[in-house]
Number of protein chains: 2
Amino acid sequence: MRADAVRTRKQLLDAAAELFAEGGAEVSVAEIAERAGIGKGTVFRHFATKEDLIAAIVGDLLDDLVDAAEKRGSLREFMVYGVGRLADNRALCDVASGSVRHPDVQAGVERLNEAAQRLVDRAETREGVTGRDVVLLMTGVHQAAAPLRDAEPELWRRYLGFLLDGLLDTGSSAPHSRT
Amino acid sequence: MRADAVRTRKQLLDAAAELFAEGGAEVSVAEIAERAGIGKGTVFRHFATKEDLIAAIVGDLLDDLVDAAEKRGSLREFMVYGVGRLADNRALCDVASGSVRHPDVQAGVERLNEAAQRLVDRAETREGVTGRDVVLLMTGVHQAAAPLRDAEPELWRRYLGFLLDGLLDTGSSAPHSRT
DNA sequence: AGCTAAGCGGACCGGGTGGTCAGGTTATGC
DNA sequence: GCATAACCTGACCACCCGGTCCGCTTAGCT
C-alpha cells in the first residue's frame, strides 16, 4: 500500500469513528468524506460498501468492550463501563439495536457475549442469567435513559442500579440501599 | 366533511395503523396509500405532513396506555401490559426512542408519565422512582429483548421480572434481600 | 528523470423519499 | 337535474442516498 493511501485511510477512519460516534450509522458517506477531507469515491476505494466501513469502526468498539470484560474484575464494573460506552457512542447503540447486520459485527457481538458469560460465571447472579442477557440488558438500560441523554446524562447509572439489584444475588449489600 | 371523505379517511387510518405497527414510522407514505387503496395525494389531503399522520396513530396508542394505567390496579400489571404493547407495535417503539418529535405525541407521553406517576404513588417502590422512570424503563426492557423478538418473543417478561425486583419494594416477597 | 500503476476526486446514475398540483370525478344542497 | 365545491388521483418535483467510473495526479522504483 502506498504511503499516501495509508494516510488517507487513517483520515477516513478517524472521521468515520468520530461521526458514527456522534450520529450513529445513518451518517452519510458524503458527510464522512467531507470531514475526512477526501472525495466520496475514495471512501469506496478503501471500503467496498458503507456497511464494511461501519463494521471496521464498530469492530474496534466491540473489541474494546471485550477487553474491558476481561480486564475488569466484576460484572457490575463491566456493566457500568459498557453502558457508559453506549452512552457516548451512537454507533454502538445501532449495533446493539440490531440494525447493523454485517457478519464481522455479529461475530464481535458473539465474542462479547462469551466474555460477558465468563463474568457471569464468576459472579453471584440470579439463576439462569447468561452473558447474552447481560449484554442485551446493558443496551436496554441505555435505551431507557437515552431520551434524556442531554437533560440528565447520568440517568443511566440510576437505572443500571435498579437492574443490578434485580440481577445480582449479592449476599452483602441489601438490594434497595441507596447508591 | 363529505361522506366519501369520511370513508377514505378511515381506510387511511386503518392502513397506517397496521403498517406503522408492523414496520414503525419509517414506512413510506406511498406504501400506506397503496395498502389503503387510495392515491398518495389523498394522504396529504387528510394530513398536511407525514408526521401529522404518525401523531394521529401514535396518539391513539398512547391514549390506550393511559387508559390501561388508570384501569389496571397495580404498577406491575401496567408495566406488563405496556411492554407487551411495545413488543407488538413498532411505532410505539419509535416514539419511545424519541424519534417522533411531534408536539401532540410529546403531550401524549406527558399524560402517560402522569398516569404512571399515579400508579407509582399507590405502589411500594424504591425511593425516588417517578412515573417518567417507569415509562422509560418499560421501553428499556423492550429494547433489550427486541433483537431476539423473533427467536424468543417472550424474553421481555423475564427481563421485566429482573427490573421489577430491583424496582419494587414489596414487603412480602423480598427478591434477593437476605437482609 | 521518467515510467507506471496505485490513488484520488467528483460528476454521474438509479432508486427512493416527502410533498405538490392541475385536472378529472363525485357527493350534495337547491 | 344541475351547479358547485369538496374530493381524489398519479404524474411530477426537488432532494438525498449508496455506489460507479473515468480522467487526472502522484508516489515510488529503476
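Below, chains carry the letters A, B, ... as their sequence lines are ordered, and counting in each starts from 1. This one's a predicted model, so the numbers in the text were calculated from it and none came from an experiment.
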Take atom CD in B:E152; do more than 12 heavy atoms of anything else shown fall under 6.0 Å from it?
-> yes
Going by an N to O cut-off under 4.0 Å, is there a salt bridge joining A:R149 and A:E154?
-> no
Looking only at side-chain N and O atoms, does B:T49 come under 4.0 Å of OP1 or OP2 in C:dG18?
-> no
Take nucleotides 25-30 of chain D nucleotide by nucleotide from the 5' end and write B, S or -, depending on whether a protein heavy atom sits under 4.0 Å from the base, only from the sugar-phosphate, or from neither.
-> -BSS--
Roughly, in whole Å, what's the span from CG in A:D52 to P in D:dG18?
-> 14 Å
Looking only at side-chain N and O atoms, does B:H46 come under 4.0 Å of OP1 or OP2 in D:dC8?
-> yes
Rounded distance in Å - CD1 (A:I32) to C1' (D:dC17) = 12 Å
Between B:T42 and D:dC7, does any side-chain N or O lie under 4.0 Å from OP1 or OP2?
-> no
Between A:V27 and A:G41, whichever has its closest DNA chain D nucleotide further toward 5' is A:V27
Candidate nucleotides D:dT9, C:dA6, D:dA11, ranked by approach to the side chain of A:R45 - the nearest = C:dA6
Taking side chain as C-beta onward, heavy atoms only, is B:L163 less than 4.5 Å from A:Y159?
-> no
Nucleotide D:dC8, atom P - distance to CZ of B:F47 in whole Å | 12 Å
Round to the nearest Å and state the distance from A:L53 atom CG to D:dG19 atom C1'.
-> 14 Å
Side chain proximity check, B:K71 to B:E77, heavy atoms < 4.5 angstrom | no
Whole-Å distance, B:E31 CD to C:dG16 P, equals 11 Å
B:R126 and A:D165 ion-paired at < 4.0 Å | yes
Within this structure, what is the CD-to-P distance between B:E26 and C:dG16, rounded to whole angstrom?
-> 16 Å
For the side chain of B:K50 and the base of C:dG19, is some donor closer than 3.5 Å to an acceptor across the two?
-> no
NZ of A:K40 versus P of D:dC16: gap in Å, rounded?
-> 12 Å
When the distance from CD of A:E34 to C1' of D:dC17 is rounded to whole Å, what number comes out?
-> 15 Å
Sort and list the pairs that fulfil side-chain hydrogen bond (donor to acceptor under 3.5 Å, both in side chains) and have at least one residue in residues 84-95 of chain A, not counting sequence neighbours.
-> A:D64-A:R85, A:Y81-A:R85
Comparing A:A5 with B:A25, nearest DNA chain C nucleotide closer to 5' gives the residue A:A5
To the side chain of B:S28, which of C:dG19, C:dG7, C:dG18 is closest?
-> C:dG18
Nearest to the side chain of B:F44 - C:dG18, D:dA6, D:dG18?
-> C:dG18
Hey, does B:I57 have a side-chain heavy atom less than 4.5 Å from the side chain of B:L13?
-> yes
